[in-house]
Colleague: 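Handing you this structure, nothing more for now.
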Amino acid sequence: MSQKASPVARNHELKKGEIKEDDDDYVSDSDDDEDEEFSIWFELKTAWKQHFIAIFVAFLAASMGFFHLQEFTSSALLKNILPHAHLESYRRMANISFCDSSDVNEGYFLFEIPKKHLSSLESHYEGDEFGQQELKCAQAQTQQGSLLKGLSPLYTTPTLEDITPIVSAVTNKNEKKIEAASLSFLDLFNLSPTPKLLFWDGRAVDDQRLVAEIPPMESIGTATTPGQSFSLTPVYDASSSLQRWTVTADEPILVYRSESEKVKDDVLQHKLQLQELNLVFAREYLIQTKRPWFSNFPRPPPSHPFWPADYLGQTHRVTAGDGDFTLKVSSVAPRVLEIDNFLTEQECQTLIATAQAKGLHPSTVVGDSAKNNAMVDSTTRSSTTTWLSRTHHELVDTIYRRAAHVFQVDDAVLRHYHHEDAKYHSLAEELQIVRYASGQEYTPHHDYVVPSISDPHQPSRFATLLLYLQAPTRGGETTFPRALQAHNHDGLVVPPLTGKAILFYNLLPDGNVDDVSQHGSNAVVDGEKWIANLW
């Protein structure tokens, strides 16, 4: 928290002919020049002292406020934790093997890619000293045939029988199989050398809404349902459609290629080759897992641990510095755990008051408000938001400490370090505070993000910790409409309860994003709903 002091000092200025009172005496312009010069010098000296004292007090107050909230670490400690361990050991091609492709172990699957993509693989291995042997194996395979064979991590989606073994044992065999709701995720690739605009086409001719601008050789995803239509246009002419698609459940990945635009830039040509390799792997992944590949290949499994979610009702105990918490599995696919009494009533009220003091603005659905590319769409997300940094308030810092235990990570990786040796920023974003008034909602969406195909670290939101600060009188439930549940088709519905928290994962253990982590907030019927999100 920064503090600014703006002391106002009197401006002492003696003018010709002005009388300066000093107790019972006075000095006029009839005095000699020496007395007048002494008086002016005395006043300037006094004014300077006042300014100096005020500035010193302001600096001292600001410093005390900063040090009160910001923990500095010694150089010795920084050497142990910086750069962040997960990035120090990060390898984008980790867990991909071309040397042992004939021996498919449990937890892996065999994929094949045409050898023309070898140059793209070589670029991914560039700078990876530990992966050079795997690269040599891939290069050797080019002499043996037209396909390169590799092994990649495999995550098997749990079935209804897996997550509810007791219920399944007594279920009627003729009963209709329970499946997830028919929502889906659309991933659209712009494999052209210029940016394009993606629009959702409404039912009416003039009901067209901008989804996003897709950079050249990149992709963007959006939550949707089968039957919805989308179109792609040039940036300079949104009324001229280049291609239209209607979403189907069995084709969630769409690709736009331009026949008229030639790729002349070497950087874009390289990204095009990376995307072609990515799409080849996506086809192999879909065949093996029956799930679409929405990440960028290669992407290693997350380096952070998952809480086991083997069956509904499974519990885990967490001992934090200021209390113990129980995590209860309420969904296996997606992986959702509920935590009662994560916050006290007073902590919830303090967070709300802190957010109100900072001020809230309309919530966005696309982009980053700090970069001026965010978009407000009240038909999708109708709420107000603010962000609180970890150093904004002592309670926010406490929540980050508590959350580190829930995430099973070192508290150090959730901090920003103001030190010249600190090469990487916090893994966590600022705490988002959201207010839903009566009638406001957030339609089903995803929290994960897919970075640029050329980003070597492939960052994304690993997990979400959602905190309920104030429950409305009615409505405002958090929904996971595609969650696999034992007795209904409506997915998981979590009633808001003040002080409660929900932990859910946006990535799968094999590195893919979790498509079924799609979630939303039902409209508030009566009262207000306040939540906080920590990513």
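Note that the coordinates shown come from a computational prediction; the quantities given were computed from them, not determined experimentally.
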Colleague: Which one of Leu277, Ile96, Leu135 satisfies the side-chain contact (heavy atoms from CB on, under 4.5 Å) criterion with His124?
Modeller: Leu277
Colleague: Considering non-hydrogen atoms only, spot the tightest contact between Pro302 and Gly511 and give its length.
Modeller: CD-N, 3.9 Å
Colleague: Which of parallel (below 30°), tilted (30 to 60°) and perpendicular (above 60°) describes Tyr448 and His446?
Modeller: tilted
Colleague: Considering the options Lys290, Arg291, Arg482, which one meets the salt bridge (charged side-chain N to carboxylate O under 4.0 Å, His left out) requirement together with Asp515?
Modeller: Arg482
Colleague: Ring pair (Phe, Tyr, Trp, His ring centres under 6.0 Å) with Phe462: which residues, sequence neighbours excluded?
Modeller: His304, Phe306, Tyr505
Colleague: Tell me whether Asp201 contacts the main-chain N or O of Thr246 through its side chain, where contact means a donor paired with an acceptor under 3.5 Å.
Modeller: no
Colleague: Can you check side chain to side chain contact (heavy atoms under 4.5 Å, CB included) on Leu507 and Arg299, steps first, answer last?
Modeller: CA-CA 11 Å; Leu507 298 181; Arg299 194 195 191 287; 3.7 Å; yes
Colleague: Parallel, tilted or perpendicular: which one describes the rings of Phe297 and Phe111, with boundaries at 30° and 60°?
Modeller: perpendicular
Colleague: Are any non-hydrogen side-chain atoms of Trp200 and Gln228 less than 4.5 angstrom apart?
Modeller: yes
Colleague: Is Glu218 reaching over with its side chain to a backbone N or O of Asn190, donor-acceptor style, under 3.5 angstrom?
Modeller: no
Colleague: Locate the shortest heavy-atom distance separating Leu268 from Pro193; write the atom from each residue and the value.
Modeller: CD1-O, 3.6 Å
Colleague: Side chain to side chain contact (heavy atoms under 4.5 Å, CB included) for Trp245 and Leu188? Distances and angles first, verdict last.
Modeller: CA-CA 10 Å; Trp245 299 269; Leu188 198 146; 3.4 Å; yes
Colleague: Quick one: sort the Phe281 and Trp293 rings into parallel, tilted or perpendicular, breaks at 30° and 60°.
Modeller: perpendicular
Colleague: Show me the donor-acceptor pairs, under 3.5 Å and distance only, between side chains in residues 233-242 and residues at least two apart or in other chains.
Modeller:
from, atom 1, to, atom 2, distance (Å)
Asp237, OD1, Ser239, N, 3.2
Asp237, OD1, Ser239, OG, 2.6

Colleague: Charged N to carboxylate O below 4.0 Å: is that the case for Glu261 and Lys196?
Modeller: yes
Colleague: Taking Tyr442 for the side chain and Ser383 for the main chain, is one N or O donor matched with an acceptor at less than 3.5 Å?
Modeller: no
Colleague: Just distance, no hydrogens or angles: give the donor-acceptor pairs under 3.5 Å from side chains in residues 330-337, sequence neighbours left out.
Modeller:
from, atom 1, to, atom 2, distance (Å)
Ser330, OG, Glu338, OE2, 3.2
Ser331, OG, Pro334, O, 2.6
Arg335, NH1, Trp307, O, 3.0

Colleague: What distance separates Leu503 CG from Leu465 CG, expressed to the nearest 0.5 Å?
Modeller: 6.0 Å
